[in-house]
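For reference, the structure is listed below as structure tokens.
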Number of protein chains: 2
Amino acid sequence: MPKTKDKNKAAEHLPEIEIFKDYIRRKGLRFTPEREIIVREIFEIHDHFDVDELYLRLRNKGKKLSKASIYRTLPLLIDCGLIQEVYHEDGHMHYEHVYGHEPHAHVRCLECRKVEEFTDQRIKEIEEHISKEFGYRLTGLRFELLGYCPDCLKKQYLS
Amino acid sequence: MPKTKDKNKAAEHLPEIEIFKDYIRRKGLRFTPEREIIVREIFEIHDHFDVDELYLRLRNKGKKLSKASIYRTLPLLIDCGLIQEVYHEDGHMHYEHVYGHEPHAHVRCLECRKVEEFTDQRIKEIEEHISKEFGYRLTGLRFELLGYCPDCLKKQYLS
DNA sequence: TAATAGTTGAATTTCTTTTACAATTACTAA
DNA sequence: TTAGTAATTGTAAAAGAAATTCAACTATTA
């Protein structure tokens, strides 16, 4: 078997796909080609993404599936804990991977609109505190800090 | 001057109104009756709110102003730091007061959809850390924990 | 008091997301 | 392997939020 085939094989066994398949079957749903294409594409994006970006990436690769299918697949991926809504901006929702990512916060510059990620041990501590103290079973978090980045502060847009 | 008059007077000097007025004038904008009505109503709501709720509250009080005015006023209130977007749910944005409120997190139950607030000293510590370490000037934060509340866990919806 | 510039409401538009429906297809069990 | 069934798809339409256009109005300034 040629090497390239091996590579492709490896790509087919993304843990995300397996988790999705398990979820789909547990729910009595169907693992369709459309869903597979969408999920694979999402996990090739290594950044925040939105429906339009995902749709255009697929179109550019010649995959002609409808936006309706994307809109229908996203809640499934959220439900099985693979992705989550991160923030609503420019009139639509933005998503990010969850599986394999540590809980983290986003710092957003209100001037240049850049978003940076950072982790802090205290985020987990707070989660644990809430779980134990309030009796919640936590499945996700969104943490966003808003302000102005050093570059924009330097450029004297703001003082 | 009768006591009731004093009470009303006091209500007129809400610090939020003064902050809004200052902002409006600093920007060369106008403090109109519509804006005043909207801002006063917002600060009579002591909870998260959305455009529709605000609009209906005003309607029920016989204040007939347009949703367009609400949509136009909210960004002003966000810009001067009086309110912020908290979360996007049910297809629209929800807001909360910022002025006079300590930074806090929201815990949302994905089953009963209840939202609880809590504070934690570590939230401020993280803010300070980001400010100092990354050189940001921070103006706000959103912190949302998602999961299942003890009541819903008990009801065996989930195990 | 007139001129200027910001604001309002109503209606319209834009855009995101959801949904209805008929055709199609994945899965199940014989 | 092959029906039978129930879920899924794409298309188009619908629903809904938010932004915008525009003429009438109004606060502020000169």
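Just so it is clear: chains get the letters A, B, ... in the order the sequence lines come, proteins before strands, and each one is counted from 1. What's counted below: heavy atoms across the whole structure, side chains too, no hydrogens, waters or symmetry copies.
- Taking a 4.5 Å side-chain heavy-atom cut-off between Ile, Leu, Val, Met, Phe, Trp and Tyr, the cluster of A:Val115 extends to A:Val86, A:Tyr87.
- Using a 4.5 Å heavy-atom cutoff, the side chains of A:His106 and A:His48 are in contact.
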request  = I would like to know whether B:Phe49 and B:His94 meet side-chain contact (heavy atoms from CB on, under 4.5 Å); could you show each step before the answer?
outcome  = CA-CA 6 Å; B:Phe49 65 93; B:His94 296 250; over 6 Å; no

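- The separation between A:Tyr55 atom OH and D:dT9 atom C1' is 13 Å, rounded to whole Å.
- The footprint of chain B on DNA chain C, defined by a heavy-atom cutoff below 4.0 Å, extends from C:dA5 to C:dA10.
- Residues B:Arg108 and B:Glu89 are paired through a salt bridge, judged by an N-O separation under 4.0 Å between the basic side chain and the carboxylate.
- Interatomic distance, A:Arg57 CZ to A:Asn60 CG, rounded to the nearest 0.5 Å: 9.5 Å.
- With hydrogens and angles ignored, the 3.5 Å screen pairs no side-chain donor or acceptor of A:Ser69 with any backbone N or O of A:Leu65.
- Five base pairs at each end of the helix from C:dT1-D:dA30 to C:dA30-D:dT1 define two local axes, and these are offset by 40° (rounded to 10°).
- Judged purely by distance below 3.5 Å, without hydrogens or angles, the side chains of B:His101 and B:Glu117 never pair a donor atom with an acceptor atom.
- Other members of the hydrophobic cluster containing B:Phe134, listed by chain and number, are A:Val107, A:Phe118, A:Ile123, A:Ile126, A:Ile130, A:Phe134, A:Tyr136, A:Leu138, A:Leu141, A:Phe143, A:Leu145, B:Val107, B:Phe118, B:Ile123, B:Ile126, B:Ile130, B:Tyr136, B:Leu138, B:Leu141, B:Phe143, B:Leu145; membership follows side-chain contacts under 4.5 Å among ILVMFWY residues, whether direct or relayed.
- B:Ile78 meets the side chain to side chain contact (heavy atoms under 4.5 Å, CB included) test with B:Ile83, B:Glu85, B:Tyr95; sequence neighbours excluded.
- Comment: B:Glu41 engages B:Lys61 in a salt bridge, judged by a side-chain N to carboxylate O separation of less than 4.0 angstrom.
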With sugar-phosphate taken as primed atoms, P, OP1 and OP2 and all else as base, the protein-contact string of nucleotides 17-29 of chain D at under 4.0 Å (heavy atoms; B, S, -) is SB-BB----BB--

